[in-house]
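Side chains included, hydrogens not; waters and symmetry mates left out as well; all remaining heavy atoms used. To find a chain, count down the sequence lines: A is the first, B the second, and so on, and within it residues start at 1.
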Protein chains: 2
Amino acid sequence: MTKTFFEEINSENPTGVAFKNVNLKKKVLSYFANTGNATIAELGKELNLSVPKITSLINDLINDGLVQDHGKVDSTGGRKPNVYGLAPDSGFFLGIDVKTHHINIGLTDFQKKLISSVEKYPYKLTNNQESLEELCQIINNFISECPIPKEKILGIGINLSGRINYAKGYSYSFFHFHEDPLSKIIESHVGIKVFLENDSRAMAYGEFCSGVVNQEKDVLFLNLDYGIGMGIMINSQLYYGKSGYSGEFGHIPVFRNEIICKCGKKGCLETEAAGWALVEMFKERLNEGASTLITRENIAPENLLLEDIINAAHNDDVLAIELIAKIGEKIGKGIALLINIFNPELVILGGSLSSTEEYILLPIKSAINKYSLSLVNNDTQLKVSKLGEQAGVIGACLLVRNKLLALEHI
Amino acid sequence: MTKTFFEEINSENPTGVAFKNVNLKKKVLSYFANTGNATIAELGKELNLSVPKITSLINDLINDGLVQDHGKVDSTGGRKPNVYGLAPDSGFFLGIDVKTHHINIGLTDFQKKLISSVEKYPYKLTNNQESLEELCQIINNFISECPIPKEKILGIGINLSGRINYAKGYSYSFFHFHEDPLSKIIESHVGIKVFLENDSRAMAYGEFCSGVVNQEKDVLFLNLDYGIGMGIMINSQLYYGKSGYSGEFGHIPVFRNEIICKCGKKGCLETEAAGWALVEMFKERLNEGASTLITRENIAPENLLLEDIINAAHNDDVLAIELIAKIGEKIGKGIALLINIFNPELVILGGSLSSTEEYILLPIKSAINKYSLSLVNNDTQLKVSKLGEQAGVIGACLLVRNKLLALEHI
DNA sequence: ATAACTTATTAAATTATTTTATTAATGAAT
DNA sequence: ATTCATTAATAAAATAATTTAATAAGTTAT
């Protein structure tokens, strides 16, 4: 009896040929996952395999239900080829993006199409057991209300800020009060396999796979929110570092100030250039009696949210725009530093603050010109995230797909 | 007639099987290059190929003169296996490491063994035509005096500081006064294929392949000299960035000072934390009448070299040690920043300043603890370069070998 | 010494893959 | 409408690789 793909990738002692076939199938799936659909000829060229070989791999994958024949497609003349691609409904993935004051949830099919999603579901991320249980509750509710039967959901990806050990499923910044890894704990509450990921990294991956990235291979994604996170893509792969703590851009020491950062250190970039700092600066100005749209809306300074400031800026509030430009300049100096180190092809501005577009983009651009070597920064494009609020959810789903298909390191 | 390996890697339209065989041979060579010698069984396990297949690949490579049978070796019992490895004298590589005040030259065989070398050959790197011609002259002299016939030298690797476009052979910081790439110009003077590389990157690669690196895959190498350069190894591959300008660590903007850096910007790390800065600080102290070993040696402040200060420190000169600790603290803060961004497994201190060992290592370590997240910096080892002055030469040779065998991206 | 065991090498058989040839499908030109 | 040019898919043949088996070579234990 022949094994299915899933049996094959989990089998202990594969014989030489079987092992190679599994790898070839992974490559085929990976090509579909990254590029969408493809003809047999295209796959043959890409993977350096003959047409009959590709045909047999594809047929196996069709029998396993992972791949579908999507029918004929136009050609440059001559007989039309069949195109094949991932079978959209062979499985679904749930992505949960946990933010400071809300949660985004989304469900994608096998072809990374967002089937159903909830944006900005109210949730206050607090580091205690109740908050964790509330999170599980929200997930369970979403699953029970979603149009897809639970057993078709193959995995759940959860994004949290801070230090995450992706491989082991531990979170060190939130919910670290059990001996078991957090992923296992949520798994036992929900009944579906759970993978944790750092929020910025998941957003970077989402943006990389279906956002603003075209051919660029060395890409930095900045998550500008209350904190400043970064996802690093090198040679089209997410970069983790030794334990998955890479990209702690918000905590690089660049200022000589006395502000104690959330991380416990002084002088972190976040202390003056992130959403926290923006809110603090804004509050100070409010207390000094500055006039702004915020006062008209009767928001008490102690309840001021980053979102309020962003909304004010969208409505041309002068103070909001001024202060955003101020942190933009500091973020830009930080990006200049990254450009000197990475010589990246593309830097993406994401996170809630990136929705202010030109207000934050222009000061960043001028700071980059001021502080980085021109020969180097000429190489680097600067773009604003295309997926916006959805980047995290989509990235989470795609990472689960990769993990389950074992496509990580192709 | 069957083709040799070199004919095969350069052939235009390889048929499927031939193409795969070339790739397999590259993998075999790459394994030998990285790991040294190997038995057929080891290679089979590593590359997932059968014994007869490996045997035939090895036999082809032996026929091409690239691989040698090195005879029997001990086993855990049973018949002793033959080990195979790169044929040491099938070709030689010349590495030239151009420093500010001297040149290091070395010749390695195919097995990365240094056959002959000259350290600290006097040469003043100046950005003019005469300096370039002098460089070519020195290379030609070395070749004519070296024990290996010129035609056996398959390629030359030259390390220069500053921006290098490795792929195209352009140097932008030095000798950029012709339209043709610098590599072509030197090639025409010497008559052997020339590859340029950024000095810090070549040193990093040397250290990575035959220095202090064991299993670590994400490694940062710092070249602490007059300037501060960095070579980045990610997943055991040199990281270049879009055009090969990555690693400009010396020019990240971190200070609020008015010192104009060599690069034209203000506030670069180099302006206060590199050899240039150390020399300036030392001169200042000398002019203030400080007593130090340097004054005893009758070195005029205007002729003071970084080397003099390093020598003084080796001889326990208090001022030298004090000032080295001062820049060490600043370098350490920079490294803390890198650790937050990269979460590397290993940071290597190289370059001339690293020879001061503890004098620079201790302030760096304490700054790292002070300025980086402890969860992250716990992952990172800090080591001093093992190859020292030879890192650049060995790295240059190894990179030429990779380039010629097309092993770059295996 | 010899048996038992481990490992390498070689050879033969089997299986897999690629090549080549053939047939099918399609659009454009005659 | 039929033929031609082009490309795709399939089938058959040829080649290549792996697996299995057999043999040879070296170790260790009895």
Side-chain angles (χ1 to χ4, degrees), chain A residues 1-3 5 8 11-28 31 37-63 67-85, chain B residues 1-3 5 8 11-28 31 37-63 67-85:
Chain A
M1 184 55 201
T2 58
K3 287 181 181 174
F5 177 74
E8 276 169 347
S11 73
E12 283 295 304
N13 288 3
T15 162
V17 174
F19 180 81
K20 284 177 195 172
N21 272 333
V22 173
N23 282 330
L24 290 175
K25 284 178 189 174
K26 280 188 196 172
K27 282 185 185 173
V28 170
Y31 188 81
N37 300 339
T39 65
I40 287 179
E42 279 167 27
L43 283 166
K45 212 165 267 177
E46 180 71 18
L47 307 181
N48 285 297
L49 294 171
S50 65
V51 172
K53 179 62 184 166
I54 301 277
T55 309
S56 91
L57 292 172
I58 293 267
N59 286 336
D60 282 5
L61 288 168
I62 289 176
N63 284 334
V67 166
Q68 245 180 22
D69 185 341
H70 291 305
K72 306 275 179 207
V73 80
D74 273 353
S75 74
T76 51
R79 176 173 170 176
K80 291 177 176 174
N82 281 37
V83 282
Y84 301 87
Chain B
M1 188 49 205
T2 59
K3 287 180 180 172
F5 177 74
E8 276 168 346
S11 73
E12 283 296 304
N13 290 4
T15 164
V17 173
F19 180 81
K20 284 177 193 172
N21 272 334
V22 173
N23 281 331
L24 290 176
K25 285 179 189 172
K26 280 187 197 172
K27 283 186 184 172
V28 171
Y31 188 81
N37 300 340
T39 65
I40 287 180
E42 279 166 28
L43 283 165
K45 211 163 265 177
E46 180 72 17
L47 306 180
N48 286 296
L49 293 171
S50 66
V51 170
K53 180 61 182 163
I54 300 277
T55 309
S56 93
L57 292 172
I58 293 269
N59 286 337
D60 282 5
L61 289 168
I62 289 176
N63 284 333
V67 166
Q68 247 180 20
D69 184 340
H70 290 306
K72 306 276 179 211
V73 79
D74 273 354
S75 74
T76 51
R79 175 172 169 175
K80 291 177 176 175
N82 281 39
V83 283
Y84 301 86

From the list [options], which nucleotide is the closest neighbour of the side chain of [X]?
{"X": "Asn82(A)", "options": "dA9(D), dT9(C), dT18(D)", "answer": "dA9(D)"}
{"X": "Ser50(A)", "options": "dT10(C), dA9(D), dT18(C)", "answer": "dT18(C)"}
{"X": "Leu49(B)", "options": "dT10(C), dT18(C), dT18(D)", "answer": "dT18(D)"}
{"X": "Ile40(A)", "options": "dT18(C), dT10(C), dA9(D)", "answer": "dA9(D)"}

*Taking the nucleotide of DNA chain C with the closest heavy atom to each, which residue, Pro52(B) or Ile54(A), is nearer the 5' end?*
Pro52(B)

_Any donor-acceptor N/O pair, Lys20(A) side chain to Asn48(B) backbone, under 3.5 Å_ = yes

[X] [atom1] to [N] [atom2]: how many Å, rounded?
{"X": "Phe19(B)", "N": "dT19(C)", "atom1": "CZ", "atom2": "P", "value": "12 Å"}
{"X": "Leu24(B)", "N": "dT17(C)", "atom1": "CG", "atom2": "P", "value": "14 Å"}
{"X": "Asn23(B)", "N": "dA17(D)", "atom1": "CG", "atom2": "P", "value": "13 Å"}
{"X": "Glu42(B)", "N": "dT9(C)", "atom1": "CD", "atom2": "P", "value": "12 Å"}
{"X": "Asp69(A)", "N": "dA8(D)", "atom1": "CG", "atom2": "P", "value": "15 Å"}
{"X": "Ile58(B)", "N": "dT10(C)", "atom1": "CD1", "atom2": "C1'", "value": "17 Å"}

*asked:* Rounded at 0.5 Å granularity, tell me how far CD1 in Ile54(A) sits from CG in Leu24(A).
replied: 8.0 Å

*What's the spacing between His70(A) NE2 and Tyr84(A) OH if we round to 0.5 Å?*
11.0 Å

Hey, does the side chain of [X] come within less than 4.0 Å of [N]'s phosphate (OP1/OP2), counting only N and O?
{"X": "Asn21(B)", "N": "dA17(D)", "value": "yes"}
{"X": "Lys53(A)", "N": "dT18(C)", "value": "no"}
{"X": "Lys20(A)", "N": "dA17(D)", "value": "no"}

*Applying side-chain contact (heavy atoms from CB on, under 4.5 Å), run through Lys27(A) and Asn23(A) and close with a yes or a no.*
CA-CA 6 Å; Lys27(A) 282 185 185 173; Asn23(A) 282 330; 5.6 Å; no

What donor-acceptor contacts under 3.5 angstrom involve side-chain atoms of residues 38-45 of chain A, with partners at least two apart or in another chain?
unit_1, atom_1, unit_2, atom_2, d
Thr39(A), OG1, Glu42(A), N, 3.2

